[in-house]
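Chain letters run A, B, ... following the sequence lines, proteins first and then strands; every chain starts at 1.
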Amino acid sequence: MNNAPLSQRVIQNKRIFSFKSFFMRWEWMLVALLAIIIGTSVLTAGSNFLSFNGLMSTLRDFMDKAILIFPMMMIILLGDIDISVGSTIALCATVMGVMLQSGTNAFLTLFIGILLGALCGSINGYLISHFRELSSVIVTVSTMIIYRGIATFILRDSAAGSFPSWITKISYGDIGGVPYTLIFFIVECIFFTILLTKSKFGRRLYACGNNAQTSRYSGINTKGIKFAVFLIIGIFAALSAIILMSKMNSARPNIAKNYELDVIAITVLGGVATSGGKGNPIGVILSSLCICFLRYGLGLINIKSETVMIIIGLLLIIAVAIPNLKNALGVPLKKRIK
Amino acid sequence: MNNSSKTHTFLKNNSRELGLIAIIILMTAMLNSQTGGKFFTFSNINNMLSETSVLAILSLGMMTVIITGGIDLSIGASMALSAMVSTSLMKHSMANTGIFTNPYIAIIIAIAVGTLCGFIVGLLVSHLKIFPIIATLGMMYVYRGLTYIISGGSWVLQQNMSTSFLSIATGNILGINNLIWITAFLYIVFFIFMNYTKTGRQIYAVGNDEESARVSGINTKKTLTLVYSIMGAIAGLAGILYVCKYAAAQGETATGYEMNVIAACVLGGVSISGGTGKVQGVLLGALLFGVLQNALPLISNSQFIQDFIRGAIILVSVLFNIILSRRVEKKAIERKEKALG
């Protein structure tokens, strides 16, 4: 068979379906985790947990972070990282807040906000893609300081508020009880799942993450992909700023601190390897639900947010350690993600 | 001839450090003229250096971590945790002037807690092979959460600390602040450790190429664990000094401080990809950061200008470094081509 021409060769490592490997996948662990979280929450908090309105408001409160998971996943798939997300959100929210307060046309404001997010992202993207030796940690650490600095410059210690009433509708409005933001998130999930698994762009992204040099030699525009991914996270940071602004009905320069860390934690818990090239959109969606319900469930039974922090931290480490643990014990390492 | 080539190699090997010195001299000269000679007074420089000392100490530990190709995001949290454990014990034994009010005991407890924090991170990175950025991110949450729990939401304030403890940060020997002495001592120790001891050289080897270091007989796991433990110990020490200096410990202590430390290291020429970095470079990087912190309020009161310049300087210095090294590479290739005809 191996003597056949390249185009006719059957791909050997196509996975043969077996129950064991099917159930050994990381996503099932997340499903189990989600079931445990929901199960214990229902047992301890009673039926309050499962009320439709309760669920919807939990999800709604989480959407400003949740919409960032796919762009962050794409960045981590490339083996990079973006620490400036929180600052970008703060900068966009401050600029939009000031514009709205001074009575600028609403659509123009939102448009400029998104444009600003795109600009912030593309500055990161340009520097990281253009200077290959430059680590994304350094670039985004410095832009994190700079963007937050500009936001502080614009608003000082004050807050922008008194927005037109429709602004709050973005976050609090709903269709038949389902918040707009949740609908947006579901659409985003579908879009990015298709983009990452079925589109040319998505497959090239995985290729770049696996081996940037090989991908470049095989004709993939690695610089372009890197730039695009940082541009996308900039735009989504601006969208997250809009949601956050409408949720709080104000904008301050110190909002969204440490958002990037939460988002990175969700992404990694979802099975995206920080070395790049490995990760499944379904896993990331599941892990975002896990974190969301974990916070909600633990909040219902009056566990302090500090304890929740510790639990999330440990969960993150255990999630990353499990495959390595198996390896260390000598059990053959199953491929965690297809 | 020989002499000039010697100077040439010296200049080439230390171009970065010399550049940093030039920038520092330029900035201080500018500051001095701006403030009408107020900068170059003994008390101002003493103040400035003692403000910088916590950052400078932490940069040493971060340097060893970054040299191995890792990064430590948990140090802000482990600083807070170790300082909180130590000062909480002090707070509770203040009434009966128990053993924990002794400043040396306080420092030892903080270093012990910090070392433990670092050791755990080290085990995660070396034995479980978790990426440093993820392991330290996770532990950051854990340590920060523990700090809040131990503090119970309350602060440890000046009146809860013994005067002998507070005098560490305010006292001086020969007119020079204690913190500066501690920093100077640690820099000398690290200079010897990184350059002249076997373990120090092994750290560089692991950072250059972990696999070949392992093959050539270096216990890489042990080295990595050691590096993170050192970082933890230093974070513990820096944490207690930080709290001592600002006379308050709380759950939020030193949040985000790790970014400043990483920035100072990068300014000092430590390469994020590992393997390179010098103690003297880090000292200059931290100093430049300190001068900046001292200078920026004079230029402008706005936090924006300060943050902007801080961020921009990091970026520009790294970019400059890259452009410089690209040029050197290009020249080397040209020379080779010439030699080949």
Next item on the list: Give, for atom CG of B/Leu267 and atom OG of A/Ser142, the distance between the pair rounded to the nearest 0.5 Å.
Entry: 10.0 Å
Side-chain donor-acceptor contacts of residues 58-67 of chain B below 3.5 Å, not counting sequence neighbours, with atom names and distances?
from    : atom 1 : to      : atom 2 : distance (Å)
B/Ser59 : OG     : B/Leu55 : O      : 2.6
B/Thr64 : OG1    : B/Gly61 : O      : 2.5

Check: Pairs in or reaching into residues 72-92 of chain A: which pass salt bridge (charged side-chain N to carboxylate O under 4.0 Å, His left out), with residues at least two apart or in two chains?
Finding: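 Listed by first then second residue: A/Asp80-A/Lys226.
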Check: For chain A, which residues from residues 131-150 of chain B lie under 4.5 Å away (heavy-atom distances)?
Finding: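 Answer by number: B/Phe131, B/Ile133, B/Ile134, B/Ala135, B/Leu137, B/Gly138, B/Met139, B/Met140, B/Tyr141, B/Val142, B/Arg144, B/Gly145, B/Leu146, B/Tyr148, B/Ile149.
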Check: Crowded around B/Phe119 CZ? As in, over 12 foreign heavy atoms under 6.0 Å?
Finding: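 Count not over threshold, so no.
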Next item on the list: Measure distances from A/Ile83 to the heavy atoms of chain B and classify the residue's part below 4.5 Å as side chain, backbone, both or neither.
Entry: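 Just the side chain, heavy atoms under 4.5 Å.
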Notebook entry, point to check: chain B: which of A/Pro253, A/Gly313, A/Ala265 shares the most heavy-atom pairs with it under 4.5 Å?
Noted result: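 Counting heavy-atom pairs under 4.5 Å, the top option is A/Gly313.
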Check: Can you pull out the residues in residues 121-131 of chain A with any heavy atom less than 4.5 Å from chain B?
Finding: A/Leu127, A/His130, A/Phe131
